[in-house]
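Accompanying notes for the structure given below.
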Amino acid sequence: MRDATEALIVIDVQNDFCPGGALAVKEGDLIVPGINALMDEFQTVVLTQDWHPADHSSFAANHEGAEPYSVIELEYGPQVLWPVHCVIGSAGAALHRELRTDPAQLVIRKGFRPGIDSYSAFFENDRQTPTGLEGYLDSRGITQLTFVGLATDYCVAYSALDAVKLGFKAVVRRDLCRGIDLNGSLDEARAQMIDAGVVLQEA
Ligand code: VGL
Ligand code: ZN
């Protein structure tokens, strides 16, 4: 069992990011058994859930004439426009049915404000609006985080980068993540994580 100062953060293992989902990540479902097993090592497990209202500004369908995967400028900066995904209460937003949820003490939902997307488990895409996760971990004396889940190059990378910025030690288990890889985003995310001091581990 790991020390009480460590937590496992399981990012967005939801149906819409798994094969057959609205924003499917290749092999997204293959990581579930490994994540389930890893939960037994940690005293603290946190799950996150991408959780968008139907009128969310990150959906291409909500911008006339916009194609999915194009980029637009929102008030807080560039934003990729995604297919409609993880709509609050939908089957696509549900956690993968085989993901263990009993060991989790906290589920953080993010991206619920219509005007702002939220990749990171800590801050929304304006990079300022907190989700509350930092306060939860701080007040429990947790200093080291292991990240797994979907997608490596978006929500996992943004979360791990924010963790390091906030002073946590951050490990990403590459074998328990899968990426979207949009226009080289996977290589870019890997380089950024290494530069920032995120530890990329294979097993
Ligand atoms: C994600 C794109 C849009 C993710 C969420 O979980 O990585 N990516 N919303
Ligand atoms: Zn999303």
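All figures in this text were calculated on a predicted structure; none of them were measured in a lab. In each ligand, atom 1 is the first atom listed, and ligand 1 is the first ligand listed.
Using a 4.5 Å cut-off between side-chain heavy atoms of Ile, Leu, Val, Met, Phe, Trp and Tyr, L30 forms no hydrophobic cluster with any other residue.
In this structure, CG in L133 is found 8.0 Å from OG in S120, a value given to the nearest 0.5 Å. We find the CD1-CZ distance between I9 and F42 to be 9.0 Å, quoted to the nearest 0.5 Å. Here F147 contributes atom CZ and L200 contributes atom CG; the two are 12.0 Å apart, rounded to the nearest 0.5 Å. Rounded to the nearest 0.5 angstrom, H96 NE2 and D16 CG are separated by 12.0 Å.
Near-neighbour remark for the Zn ion (ligand 2): protein N, O or S atoms under 2.8 Å are D50 OD2, H52 NE2, H85 NE2; waters not counted.
Across every non-hydrogen atom of Q14 and A93, the tightest pair is NE2-O, 2.8 Å.
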Which protein N or O atoms sit under 3.5 Å from any N or O of ligand 1? Give each pair with its distance.
unit_1	atom_1	unit_2	atom_2	d
ligand 1	6 (O)	D12	OD2	2.7
ligand 1	6 (O)	L150	O	3.4
ligand 1	7 (O)	A151	N	3.1
ligand 1	7 (O)	C155	N	3.0
ligand 1	9 (N)	D50	OD2	3.0
ligand 1	9 (N)	H85	NE2	3.1

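Aromatic rings from F17 and H85 are positioned such that their centres are separated by under 6.0 Å.
Sorted by first then second residue, the side chain to side chain donor-acceptor pair (under 3.5 Å) pairs that include residues 59-77, not counting sequence neighbours, are Y76-Q79.
Within the 4.5 Å cutoff, side-chain heavy atoms of M39 are placed close to those of V10.
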